[in-house]
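All values below were derived from every heavy atom in this structure, side-chain atoms included, with hydrogens, water molecules and symmetry-related copies excluded.
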Amino acid sequence: MRWFIRAFVGGIALAACGLPGPDRAHVDVLFGLDGNRLVPAASTAAQRELGRLLFGTPSGGSSCAQCHPRSQLGQDGRVHGRDTPALADVTRQVLFGRDGRERDLSAFVQREFAQRLGLADDVAVAAWVAQNPPLQAAFAAAGSGPSLAAAAQAVGAHLATWRTESRWDRYVDGDDEALSRLEGHGLAKFVEVGCAACHGGRSLGGVSAHVLGAAVPFPSTDPGRELATGEASDRNVWKAPMLRHAAGTGPWLHDGSVASLEQAVRLMGKHELGKELDDAEVAAIAAFLRAVADAEPTTHAAAAVLQPGVQHGR
C-alpha cells in the first residue's frame, strides 16, 4: 500500500508545481477516506451519558478528564510518562495509543483504566461504582451491570461525540476556496516532500505505525512499542499520529520535547524523510496544518458540540 501512495505522491509533485494545491483526483485518493468511520458507531443516549460520567469521575484521585479536558480538545499540554494525546476525533483513527499497539478503542480504554485509574478488572470497577451513586444510576439507565468492558464501551460512545469539522474537511469535500493560496501550497508541499505517505486519509494519520527516525536516527530514551511487546523489532515504533489538531495541541512528539509546530515539521522532514526542509517549505506546511486545525463544532446529530481549543484565520 505504501508504494502505491508514494507513486501518487510523485505524480502530485509534478501536478502541483506552481499551483496552490494538488489535483482533485489525487486529493480523493490520498485524503478522501476517513480513517475509521465517517459516522460514530451506534450508541444510545444513556450509554453516552454513562461514558461522560465515567470519563469525569475520579478513581484513586484522578480521572480521564483531568488529563484530557474537553475544552482543550482532550489534551492538557503535559507529559505523563508520554505526551498527552488529543482525543478530539479519536474515533476516526484505526490505531490507538502513542505506540499504536491497539486496534480497538475499547481495548485501549480498558488499558488506560487499569494503568491510570487502577481499575483493572470487573471487581475493581464494581467496587468503584458502588461508591458512586450517580454511576450506579447511569449503569442502570444504560441497561448494563458495572464491568470493565461495559465501562470502556460507554467511554468509547462518549468519545465518539468529540467530533469536529474544519476548513480542511470542506476542501476535501470539494470546496476549493476553503484553503488560502498559501495553505494550498502547503498541502502541495506536504505531499511533495513525502509527509502524506504516513499521514494520509481525512485525519492525516492515526492509521499506521512506523520507526521514528527511519531516515536519520532520532534520539529518544523511550523505546516505543518495544516497551509493551519486548520485541527488538518494535524498538522506536510509534503510531504516525493524527494531525487534524496538531497545530493547536503542542508540545509535540511522544515526549513533548518539541516546542513549536515549525520545529516539529523540520525535525520530521529530517528524521523521517531524510530531507532538510527550507524555511519557506516549513512555513507553508505549518500554514496548511493550521488550516486543518481551524475546526468548528461538529454537525453530526449524535454528537455534542465540541469547542476547538484554537481558531486560526485565513
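- Taking the six-membered ring for Trp and thresholds of 30 and 60 degrees, Phe31 and Phe190 have ring planes inclined between 30 and 60 degrees apart.
- Every residue two or more places apart in sequence or in another chain that forms a side-chain contact (heavy atoms from CB on, under 4.5 Å) with Asp255 is listed here: Leu253, Ser257.
- Residues Ser43 and Arg48 have side chains that bring a donor and an acceptor to within less than 3.5 angstrom of each other.
- A side-chain N or O of Ser220 and one of His254 form a donor-acceptor pair less than 3.5 Å apart.
- For the atom pair Lys275 NZ and Met268 CE, the distance stands at 14.5 Å (nearest 0.5 Å).
- Using a 4.0 Å cut-off between charged nitrogen and carboxylate oxygen, Arg82 and Asp99 count as a salt-bridge pair.
- Ring geometry, Trp162 versus Phe55: the interplanar angle exceeds 60°, so the pair is classed perpendicular (tilted spans 30 to 60°).
- To the nearest 0.5 angstrom, Arg244 atom CZ is 5.0 Å from Ser203 atom OG.
- A salt bridge does not link Glu272 to Arg266: none of the charged nitrogens lies less than 4.0 Å from a carboxylate oxygen.
- Using a 3.5 Å distance cut-off with no hydrogens or angles, the side chains of Arg116 and Ser59 do not pair a donor with an acceptor.
- A donor-acceptor contact closer than 3.5 angstrom is absent between the side chains of Asp294 and Ser166.
- Here Arg167 pairs with Glu183 in a salt bridge; the nearest charged N to carboxylate O distance falls below 4.0 Å.
- Judged purely by distance below 3.5 Å, without hydrogens or angles, the side chains of Ser147 and Asp122 never pair a donor atom with an acceptor atom.
- For Lys270, the NZ atom sits in a loose shell: 12 or fewer heavy atoms of surrounding residues, nucleotides or ligands are nearer than 6.0 Å.
- Residues Arg170 and Asp176 are not paired through a salt bridge, judged by the lack of any N-O separation under 4.0 Å between the basic side chain and the carboxylate.
- Side chains of His245 and Asp89: a donor on one and an acceptor on the other come within 3.5 Å.
- Tested against Lys239 for a side-chain hydrogen bond (donor to acceptor under 3.5 Å, both in side chains), the candidates Glu102, Gln93, His210 yield a single pass: Gln93.
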